[in-house]
Amino acid sequence: MGELVWYFPDSIEELKEIVQEEGVVVHGGGTGLLRGDIRRYKGLVDLGKLGFSYIKNDGEFVEIGATSTYNDLVSFFKEKNTKSILYKSLLESATTPLRNRITIGGSVAYFPPWSDIAGPLLALSSEVYLTGSREGWFKLTDYVQSKELKKGTAILKIRYEKEKDSGYSHHFRAVRNRVDHPAFTITLLMEVSDNREIQAATFYVVGSKDRFKKLTVLESQVIGKRVDDIHVESLSLDNVEFYGKVQFSPEYQRTLFEVEVKRGIYKILEMVK
Amino acid sequence: MKGIFKINGKELEISFEAHKVLLDVLRENGFTEVKEGCREGECGACVVLLDGKPVNSCQVLAASAMGHEITTVKGIGTLHNPHPIEEAFVEAGAVQCGFCTPGMVIATYALLKENKDPSDEDIKRALDGNLCRCTGYVKIKKAVKLAAKKVSENE
Ligand SMILES: Cc1cc2nc3c(=O)[nH]c(=O)nc-3n(C[C@H](O)[C@H](O)[C@H](O)COP(=O)(O)OP(=O)(O)OC[C@H]3O[C@@H](n4cnc5c(N)ncnc54)[C@H](O)[C@@H]3O)c2cc1C
Ligand code: FES
Ligand code: FES
């Protein structure tokens with residue numbers, strides 16, 4: 001094994017070339033990379049000099065530069081939109097010193113089952129901007145499932161439509177204590193009209209056997225219904241399965257999932273009422 | 001590889017292996033006030049300020065910290081000239097074995113820079129990445145409140 005080489009490109013053109021080299025990977029905050037032996041890589045490319053630590057909120061989209069940290073987002077939403085699902089989820093994630101280090105780009109690329117950002121970004125129908133062997137905006141759902149989109153690319157920014165994050169929301173983390181990694185998370189987003197009709201519902205579980213799952217069975221039972229006509233207890237749930245994890249057995253996770261999805265919907269309906 | 005590190009206000013040229021974390025590079029170069037606990041980002045013993053923000057130095061690859069401002073607990077106060085936060089920790093009885101204290105002091109320093117009069121909830125949140133096996137946290141919370149008072153009086 002030769003010594004690992006660090007690259008600090010100061011232009012996108014330079015990054016584009018480096019990121020396509022065999023054995024070179026992007027360094028975000030490093031907290032995920034350090035779970036393995038980084039000596040297996042030939043090189044690490046740091047995006048720090050490229051100016052991707054920003055959050056823009058001025059147009060139709062919220063756009064997040066890839067090197068923004070969890071705490072950058074928390075501070076941003078604390079000022080701009082405390083109802084944001086991302087604010088709720090990131091406020092609870094990891095710990096203060098880790099939130100100062102974990103980047104959004106690294107978290108999207110790594111996409112661990114315990115991620116607190118994965119569910120909200122999926123529910124917001126986010127897109128990622130890639131450079132390298134592929135260039136342009138891609139759906140987050142495509143990116144996380146495609147080896148081809150990940151190979152030789154770096155995420156530069158992430159965006160979602162601002163409007164999507166303006167409804168009612170709930171985020172649940174299956175943890176044993178406040179600083180635990182979640183065994184799984186549940187994200188619920190709902191848009192409700194003035195006449196109390198549910199116009200849109202997007203529900204995700206992250207950390208299930210399928211990595212993540214859109215709860216379409218559940219969504220279809222609430223969309224188009226009036227809030228007062230929903231009987232939470234009689235809603236039937238999607239078939240979601242879990243692997244055993246250090247925190248909880250598969251059976252316990254399934255039970256917790258059933259209870260917490262319904263509790264989350266109930267809480268949102270209470271907010272509307 | 002070689003790099004310039006700005007530690008406690010001084011620039012140092014350090015040779016280190018490219019895969020090393022900041023915790024090791026600091027300790028191997030004499031900054032043993034930065035403590036090594038879990039090495040997994042969970043205990044907070046290794047917390048330092050990186051560009052003014054607390055981070056777990058065991059979770060930071062050293063190369064990525066080159067050129068950035070690094071502050072250890074010795075950059076805040078010294079044995080003979082302690083920072084009011086350090087005095088507060090001693091006066092409140094928040095130091096027993098002392099292993100967690102450098103990280104606690106750094107986390108408190110970062111909190112009080114942003115928030116001069118933190119509530120119990122603010123303190124809990126700011127110190128959520130720092131574990132203490134001895135004190136039970138009650139005296140640590142008291143120390144942070146006392147530190148807030150001392151810091152405001154000193155200004
Ligand atoms: C103790 C601990 C507790 C944690 N708890 C939580 C928690 O509760 N909730 C939570 O959400 N997260 C948590 N995390 C963070 C999570 O586990 C990952 O470590 C983190 O999301 C990775 O982000 P990073 O910026 O550090 O990425 P890195 O470690 O830098 O990179 C991770 C992967 O992404 C790739 N990558 C990085 N940036 C980019 C980019 N811009 N483009 C393309 N690829 C890229 C890297 O090559 C690597 O493969 C925790 C981490 C630790 C250490
Ligand atoms: S040694 Fe770094 S967090 Fe424990
Ligand atoms: S005083 Fe011993 S760990 Fe905190």
Side-chain angles (χ1 to χ4, degrees), chain A residues 1-8 10 24-49 53 67-72 74-75 78 90-103 106 112 114 175-181 246, chain B residues 1-3 15-24 34 37-68 102-104 106-111 114-115 118 121-131 137:
Chain A
M1 251 185 304
E3 199 186 22
L4 176 76
V5 179
W6 278 84
Y7 301 93
F8 297 92
D10 38 31
V24 175
V25 297
V26 181
H27 168 262
T31 65
L33 285 166
L34 281 165
R35 289 175 76 88
D37 184 354
I38 61 158
R39 282 173 293 189
R40 69 178 187 271
Y41 300 119
K42 257 176 61 189
L44 289 181
V45 52
D46 187 280
L47 312 184
K49 288 189 180 168
S53 177
T67 57
S68 309
T69 64
Y70 274 17
N71 262 348
D72 290 339
V74 169
S75 308
K78 192 172 177 185
L90 295 185
L91 203 57
E92 297 299 314
S93 67
T95 62
T96 300
L98 283 166
R99 285 192 303 274
N100 281 331
R101 195 63 196 165
I102 300 169
T103 68
W114 56 86
V175 287
R176 293 164 296 184
N177 57 49
R178 163 65 191 82
V179 293
D180 202 6
H181 285 74
V246 278
Chain B
M1 67 189 284
K2 263 189 189 167
S15 296
F16 63 104
E17 289 173 276
H19 66 276
K20 287 253 165 137
V21 290
L22 183 60
L23 169 65
D24 293 331
V34 184
C38 63
R39 293 187 76 87
E40 291 191 347
E42 291 188 343
C43 74
C46 67
V47 167
V48 297
L49 297 178
L50 188 61
D51 294 332
K53 292 188 178 156
V55 296
N56 308 86
S57 62
C58 70
Q59 295 299 302
V60 174
L61 282 155
S64 69
M66 290 188 305
H68 294 269
M104 292 285 180
I106 291 277
T108 306
Y109 183 86
L111 166 68
E114 299 270 309
N115 181 350
E121 196 46 43
D122 297 333
I123 297 172
K124 219 163 102 185
R125 229 183 125 59
L127 271 58
D128 62 359
N130 298 79
L131 299 183
Y137 303 103

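Below, chains carry the letters A, B, ... as their sequence lines are ordered, and counting in each starts from 1.
Residues E3(A) and F16(B) approach most closely at OE2-O, 4.1 Å, considering heavy atoms. Contact record, F8(A) with A63(B): CZ-O, 3.6 Å, taken as the closest heavy-atom pair.
In this structure, the portion of L50(B) lying under 4.5 Å from any heavy atom of chain A is its side chain and not its backbone. Both the backbone and the side chain of V60(B) come within contact range of chain A, judged by heavy atoms closer than 4.5 Å. Only the side chain of I38(A) comes within contact range of chain B, with heavy atoms under 4.5 Å apart. Proximity to chain A (any heavy atom under 4.5 Å) is shown, for E40(B), by neither the backbone nor the side chain.
For the atom pair CE of M1(B) and CG of L4(A), the computed distance is 8.0 Å after rounding to the nearest 0.5 Å. Rounding to the nearest 0.5 angstrom, the gap separating the CD atom in E42(B) from the NE2 atom in H181(A) is 6.5 Å. Taking CG from N56(B) and OG1 from T95(A), the interatomic distance works out to 5.5 Å, rounded to the nearest 0.5 Å.
Listed by chain and residue number, C43(B), R133(B), Y137(B) satisfy the side-chain contact (heavy atoms from CB on, under 4.5 Å) test with L131(B) (two or more places apart in sequence, or in another chain).
Note on L91(A), D46(A), L33(A): by heavy-atom pairs under 4.5 Å with chain B, the leading option is L91(A).
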Worksheet item: Could you walk me through whether L34(A) and R39(B) pass the side chain to side chain contact (heavy atoms under 4.5 Å, CB included) check?
Response: CA-CA 10 Å; L34(A) 281 165; R39(B) 293 187 76 87; over 6 Å; no
Which pairs of donor and acceptor atoms, one on a side chain in residues 96-103 of chain A, lie under 3.5 Å apart (sequence neighbours left out)?
{"residue": "T96(A)", "atom": "OG1", "partner": "R99(A)", "partner atom": "NH2", "Å": "3.0"}
{"residue": "T96(A)", "atom": "OG1", "partner": "R125(B)", "partner atom": "O", "Å": "2.7"}
{"residue": "T96(A)", "atom": "OG1", "partner": "D128(B)", "partner atom": "OD1", "Å": "2.9"}
{"residue": "R99(A)", "atom": "NE", "partner": "N71(A)", "partner atom": "OD1", "Å": "3.0"}
{"residue": "R99(A)", "atom": "NH1", "partner": "S93(A)", "partner atom": "O", "Å": "2.7"}
{"residue": "N100(A)", "atom": "OD1", "partner": "N71(A)", "partner atom": "ND2", "Å": "2.9"}
{"residue": "N100(A)", "atom": "ND2", "partner": "P54(B)", "partner atom": "O", "Å": "2.8"}
{"residue": "R101(A)", "atom": "NE", "partner": "G29(A)", "partner atom": "O", "Å": "3.0"}
{"residue": "R101(A)", "atom": "NH2", "partner": "S64(B)", "partner atom": "OG", "Å": "2.8"}
{"residue": "T103(A)", "atom": "OG1", "partner": "G106(A)", "partner atom": "N", "Å": "3.0"}

